[in-house]
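Take a look at the structure set out below.
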2 protein chains.
Amino acid sequence: MEKSVQYADMLKQKDLKSTPQRMAMLGIMEAKGHADIDEIYQEIKKDFVSISLATVYKNINTLLDAGIIEEIKVPQKKSKFEIVKHKHSHFVCEKCGEVYDVQKPKKLDIELPEGFEPREASVMIVGVCKKCR
Amino acid sequence: MEKSVQYADMLKQKDLKSTPQRMAMLGIMEAKGHADIDEIYQEIKKDFVSISLATVYKNINTLLDAGIIEEIKVPQKKSKFEIVKHKHSHFVCEKCGEVYDVQKPKKLDIELPEGFEPREASVMIVGVCKKCR
DNA sequence: TTATTAAAGGAAAATATTTTTCCTTTAGCA
DNA sequence: TGCTAAAGGAAAAATATTTTCCTTTAATAA
Ligand SMILES: [Mn+2]
Ligand SMILES: [Mn+2]
Ligand SMILES: [Zn+2]
Ligand SMILES: [Zn+2]
């Protein structure tokens, strides 16, 4: 099934409208993998010349609330947003800033103090990507 | 040796002055473990009634540049700052928002695509802390 | 199709956050 | 003690994000 149809369904399930602007934002995140506010805004302006930055922010928040996208906080740079998919970890290149998906660790052997209940873990690896070596 | 003396030495090594405001900020981060801008500002105002928020920001940036403190990006909340010490991981309580130090994993079995060079990894565990269960 | 209507978009204003400027004060040193 | 560059304070500027208010439109159903 086509991605855009899936997104439309997800939106409908949350009683959100499938507007062209919203679908375009999802398409951009889909295409880029990880995008920050400004990347989304610059990219969407190519198709929607008069789109408001406020619309981008409002949709980001709406999509976050709906659990359709999530925010990835990256060390030393602006937050990236991505479509929610299977759980995974991230690798950020300290040369080019690109964020890559990597498999999550099979097991995370961290001993928590007694009484602490973990629910989930996120791992961010910093290094140099293939393109930048 | 006293912590404040150590901090003064670290500052001197970076040719930074040991001002009362700067030492107080380090003392606050030392005491709280992890503090955000506003916590630092509210706390330091108790001793330095007329301190400027700009001074807090300027010192945070100076101390970051000097490698004396580091920024911890926490999911869904404002960045926390802490004194640089041994490498460790973090646990954030989704109930109270408190950030705790936890030991870093002994081994992180993440398979990176070939050509990717990892330099360091940070792990953030989200869950419920002892006080909040 | 067409009419209805609540949700969403756009523009501008408001608010929040962070940095810079500019002048005054002071830590560090001779 | 004095000197001086670094740092502090206040305000302004720059940047980032949210809200307001009015217009447009997606979704629904007749
Ligand atoms: Mn990802
Ligand atoms: Mn810590
Ligand atoms: Zn790279
Ligand atoms: Zn807690």
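Numbered from 1 within each chain, the chains take letters A, B, ... in sequence-line order.
Side-chain contact between B:H90 and B:K80 is absent, with no heavy-atom pair separated by less than 4.5 Å. In this structure the side chain of B:V126 never reaches within 4.5 angstrom of the side chain of B:Q76, judged on heavy atoms. Under the 4.5 Å side-chain criterion, counting only non-hydrogen atoms from C-beta, A:Q21 is not in contact with A:K58.
Contacts between residues 7-40 of chain B and DNA chain D, defined by a heavy-atom separation below 4.0 Å, involve B:L16, B:K17, B:T19, B:Q21, B:R22, listed by number.
In this structure, A:R22 contributes its side chain and A:K17 its backbone to a donor-acceptor pair below 3.5 Å. Side-chain atoms of B:K73 come within 3.5 Å of backbone atoms of A:V74 as a donor-acceptor pair (strictly under, hydrogens ignored). Between the side chain of A:E71 and the backbone N or O of A:L64 there is no donor-acceptor pair closer than 3.5 Å.
Across the interface with DNA chain C, nearest-nucleotide mapping of B:K78 and B:A54 shows B:K78 to be the residue nearer the 5′ end.
Dashed line: the shortest gap from a side-chain N or O of B:N61 to OP1 or OP2 of C:dT19 is under 4.0 Å. Distances shorter than 4.0 Å separate some side-chain N or O of B:Y57 from OP1 or OP2 on C:dT18.
Remark: A:D36 does not engage A:K77 in a salt bridge, criterion side-chain N to carboxylate O under 4.0 Å. Checked for salt-bridge contact, A:E39 and A:K32 miss the test: no charged N lies under 4.0 Å from a carboxylate O.
In B:K106, the NZ atom is crowded: over 12 heavy atoms of neighbouring residues, nucleotides or ligands sit closer than 6.0 Å.
A 4.0 Å heavy-atom criterion places the boundary nucleotides of DNA chain D facing chain B at D:dA5 to D:dA11, written 5' to 3'.
Ring geometry for B:H86 versus B:H88: interplanar angle of 30 to 60°, hence tilted.
A straight line from NZ of B:K58 to C1' of C:dT25 spans 12 Å, rounded to a whole angstrom.
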Inset, instruction - Under 3.5 Å for both distances, Watson-Crick or G-U wobble, that's the pair rule; now give the dot-bracket for DNA chain C, with | marking pairs to another strand and [ ] for crossing ones. - result: ||||||||||||||||||||||||||||||
